[in-house]
Peer 1: 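Handing you this structure, nothing more for now.
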Amino acid sequence: MEVFTVDNHIWAIDHELLGIPGVGVTYVVRGEEIALVETGTALTVPQTLAGLDALDIPREAVRHILCTHIHMDHCGGSGHLAAALPNATVYIHSSVAEHLVNPTKLMASVRRAVGEEAWPLHGELLPIPAERIRPAEHLHLDLGRDVVLEAIATPGHSPDHLSYRDLKSGGLFIGDAAGLIMERWGLVFPVTPVPTYNLEAHLQTITMLRTLNLPRIYVTHYGPHDDVDRQLSYAAERIAELADLVRRALTDGDPDVEVLAARWLPYPDNGPAGVVARSWSRMSVAGMIRYELKRRQSSPS
Ligand SMILES: [Zn+2]
């Protein structure tokens, strides 16, 4: 576990997602009240709690837990965190809130999406009582001391995906909308996962984000980045490449996920970065294939 300062009122706790540093963070935002943005998985919660201890933040002081979307590495730890942080309310898009109350269906879907190799790294969701969950899509959260977080819809990576603008710094907690930027591992690529990826919505989201002239993005995987426009345009480029690769493979016949993943994202064979890259690039290829097949079904041309 490592804690680093992001801004005067923002810290990041590296909670060692998938058991490795440099992959996932939970952000801590401090006004009068404390909010966490992103929860990691159930398995990263002990590191997040240790990070709060290192920052001298008592468990009772955390009032809000914000999730950008329903994927395990963003909200999977929410139940365990809610149990450990007795005064915290959990915020997520209302369309998926039921999965945090009753996570059985979600866990089965994640297991299919990430595959058996990566599944044990994701941990199990703990149900959250419905009264501790609030809809996040219109969130305007005043934490005091001029610290305000505001939700912006950023669908595409998943339909429920929200980002949270920190009005004080102008920076955006962007979740997965700009993809992964994991410099420590030399991995920078967008994730377009099964089962609900939407290419059109994602590209519209990226275009919209570029018009905001954001000074900074706070990426979940991983850390703050100031070269916002460059990162967003790179993500759009890599998405277009993948879409093109998938369309051609579908036209040629039955696409092989493994082969396409290795072609789109040549990854290291061994070591922790290899596991992340393999799992997330396969998931992205599968997500793009599924999107394209759905698109062809609804408008055959
Ligand atoms: Zn995600």
Side-chain angles (χ1 to χ4, degrees), residues 1-59 61-68 71 73-78 80-81 84-85 88 121 141 143-149 163-189 191 214-228 230-232 235 271-273 276 280:
M1 189 279 302
E2 182 199 339
V3 179
F4 54 95
T5 303
V6 171
D7 204 326
N8 290 329
H9 60 297
I10 305 174
W11 293 266
I13 302 171
D14 183 328
H15 52 224
E16 291 165 26
L17 181 67
L18 306 175
I20 30 182
V23 176
V25 292
T26 288
Y27 289 101
V28 180
V29 186
R30 193 204 294 258
E32 290 296 328
E33 298 178 351
I34 306 258
L36 305 182
V37 183
E38 307 288 47
T39 73
T41 68
L43 304 177
T44 67
V45 167
Q47 288 81 264
T48 300
L49 294 175
L52 291 174
D53 293 345
L55 289 166
D56 267 331
I57 294 172
R59 308 272 149 104
V62 179
R63 301 291 306 276
H64 314 278
I65 300 169
L66 281 62
C67 302
T68 56
H71 293 158
D73 46 331
H74 299 261
C75 71
S78 57
H80 293 83
L81 278 178
L85 307 170
L121 301 169
L141 187 61
L143 299 175
R145 295 186 202 160
D146 296 326
V147 179
V148 177
L149 297 174
S163 299
Y164 300 104
R165 185 113 192 232
D166 168 50
L167 299 190
K168 192 171 179 128
S169 67
L172 187 71
F173 295 98
I174 198 166
D176 285 348
L180 315 178
I181 309 170
M182 304 195 303
E183 279 155 349
R184 191 176 318 192
W185 300 107
L187 290 172
V188 181
F189 63 99
V191 181
L214 300 163
R216 225 172 191 209
I217 46 176
Y218 309 121
V219 181
T220 307
H221 320 287
Y222 170 98
H225 294 270
D226 297 332
D227 53 346
V228 181
R230 194 171 74 92
Q231 296 294 353
L232 288 170
V276 175
W280 289 358

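Numbers for residues simply follow the sequence, beginning at 1.
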Peer 1: Find out whether Val29 and Leu66 are in side-chain contact, i.e. whether some heavy atom of one side chain is under 4.5 Å from a heavy atom of the other.
Peer 2: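 Not in contact.
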Peer 1: Which distance, rounded to the nearest 0.5 Å, do you find between the CG of Leu55 and the OG1 of Thr5?
Peer 2: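 Here the interatomic distance stands at 8.0 Å.
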Peer 1: Write down the atom of His221, the atom of Gly24, and the distance for their closest heavy-atom approach.
Peer 2: ND1-CA, 4.1 Å
Peer 1: Looking at CG of Asp146 and CG of Leu167, how far apart are the two atoms once the value is rounded to the nearest 0.5 Å?
Peer 2: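 It is 10.0 Å, given to the nearest 0.5 Å.
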Peer 1: Ignoring hydrogens and geometry beyond distance, is a side-chain donor-acceptor pair present between Asp176 and His74 at under 3.5 Å?
Peer 2: yes
Peer 1: With a 4.5 Å cut-off on side-chain heavy atoms, are Val62 and Leu36 touching?
Peer 2: yes
Peer 1: Apply the test side-chain contact (heavy atoms from CB on, under 4.5 Å) to residues Trp280 and Leu18: give CA-CA distance (whole Å), side-chain angles for both, the deciding distance (0.1 Å), then the verdict.
Peer 2: CA-CA 12 Å; Trp280 289 358; Leu18 306 175; 4.0 Å; yes
Peer 1: Checking Arg165 now: which residues fulfil salt bridge (Lys or Arg N to Asp or Glu O under 4.0 Å) with it, not counting sequence neighbours?
Peer 2: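 By the salt bridge (Lys or Arg N to Asp or Glu O under 4.0 Å) rule, Arg165 matches no residue at all.
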Peer 1: Please collect all side-chain hydrogen bond (donor to acceptor under 3.5 Å, both in side chains) contacts where either partner lies in residues 40-51, sequence neighbours excluded, each pair once.
Peer 2: none
Peer 1: Could you work out, with side chain to side chain contact (heavy atoms under 4.5 Å, CB included) as the rule, every residue matching Ala50, not counting sequence neighbours?
Peer 2: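 Expected list: Met1.
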Peer 1: Is the ring pair Tyr222/Phe4 parallel, tilted or perpendicular, if the boundaries are 30 and 60 degrees?
Peer 2: tilted
Peer 1: Could you work out, with side chain to side chain contact (heavy atoms under 4.5 Å, CB included) as the rule, every residue matching Val228, not counting sequence neighbours?
Peer 2: Leu214, Ile217, Leu232
Peer 1: If you look at every heavy atom in Thr39 and Ser78, which pair is closest and at what distance?
Peer 2: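 Minimum heavy-atom separation between Thr39 and Ser78: OG1-N, 3.4 Å.
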Peer 1: For a 4.5 angstrom cut-off between non-hydrogen side-chain atoms, does Lys168 reach Asp7?
Peer 2: no
Peer 1: Does anything in residues 20-32 form a side-chain hydrogen bond (donor to acceptor under 3.5 Å, both in side chains)? List the pairs, not counting sequence neighbours.
Peer 2: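 Every pair satisfying side-chain hydrogen bond (donor to acceptor under 3.5 Å, both in side chains) with a residue in residues 20-32: His15-Thr26.
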Peer 1: Determine the minimum heavy-atom distance between Cys75 and Cys67, stating which atoms define it.
Peer 2: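 So the two residues come closest at CB-SG, 3.5 Å.
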Peer 1: Looking at Glu33, Arg63, His9, which one forms a side chain to side chain contact (heavy atoms under 4.5 Å, CB included) with Leu143?
Peer 2: Glu33
Peer 1: Could you tell me the separation between the CG atom of Leu81 and the CG atom of Leu52, rounded to the nearest 0.5 Å?
Peer 2: 8.0 Å
Peer 1: Is any side-chain heavy atom of Phe173 less than 4.5 Å from a side-chain heavy atom of Ile10?
Peer 2: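 The answer is yes, as the side chains (C-beta and beyond) meet within the 4.5 Å cut-off.
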Peer 1: Is there a side-chain contact between Met182 and Val276 (heavy atoms, below 4.5 Å)?
Peer 2: yes
Peer 1: Kindly indicate, with the supporting measurements, whether the criterion side-chain contact (heavy atoms from CB on, under 4.5 Å) is fulfilled by His225 and Glu183.
Peer 2: CA-CA 11 Å; His225 294 270; Glu183 279 155 349; 3.6 Å; yes
Peer 1: Do you know the tightest heavy-atom contact between Ala88 and Ile65?
Peer 2: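 Distance-wise, the nearest heavy atoms are CB-CD1, 3.7 Å.
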Peer 1: How about Asp166 and Tyr218: do any of their side-chain heavy atoms sit closer than 4.5 Å?
Peer 2: yes
Peer 1: What pair of heavy atoms forms the shortest contact from Gly22 to Asp14, and how long is it?
Peer 2: N-OD2, 2.7 Å
Peer 1: Any side-chain heavy atom of Tyr164 within less than 4.5 Å of one from Leu141?
Peer 2: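 Result no, sub-4.5 Å side-chain heavy-atom pair not found.
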Peer 1: Provide the closest heavy-atom pair for Val3 versus Ala54 in the form atom of the first, atom of the second, distance.
Peer 2: CG2-CB, 4.3 Å
Peer 1: Taking Glu38 for the side chain and Val25 for the main chain, is one N or O donor matched with an acceptor at less than 3.5 Å?
Peer 2: no
Peer 1: Report the distance from atom CD1 of Ile181 to atom CD1 of Ile174, rounding to the nearest 0.5 Å.
Peer 2: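 So the CD1 of Ile181 and the CD1 of Ile174 are separated by 7.5 Å.
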Peer 1: Checking Arg216 now: which residues fulfil salt bridge (Lys or Arg N to Asp or Glu O under 4.0 Å) with it, not counting sequence neighbours?
Peer 2: Asp226
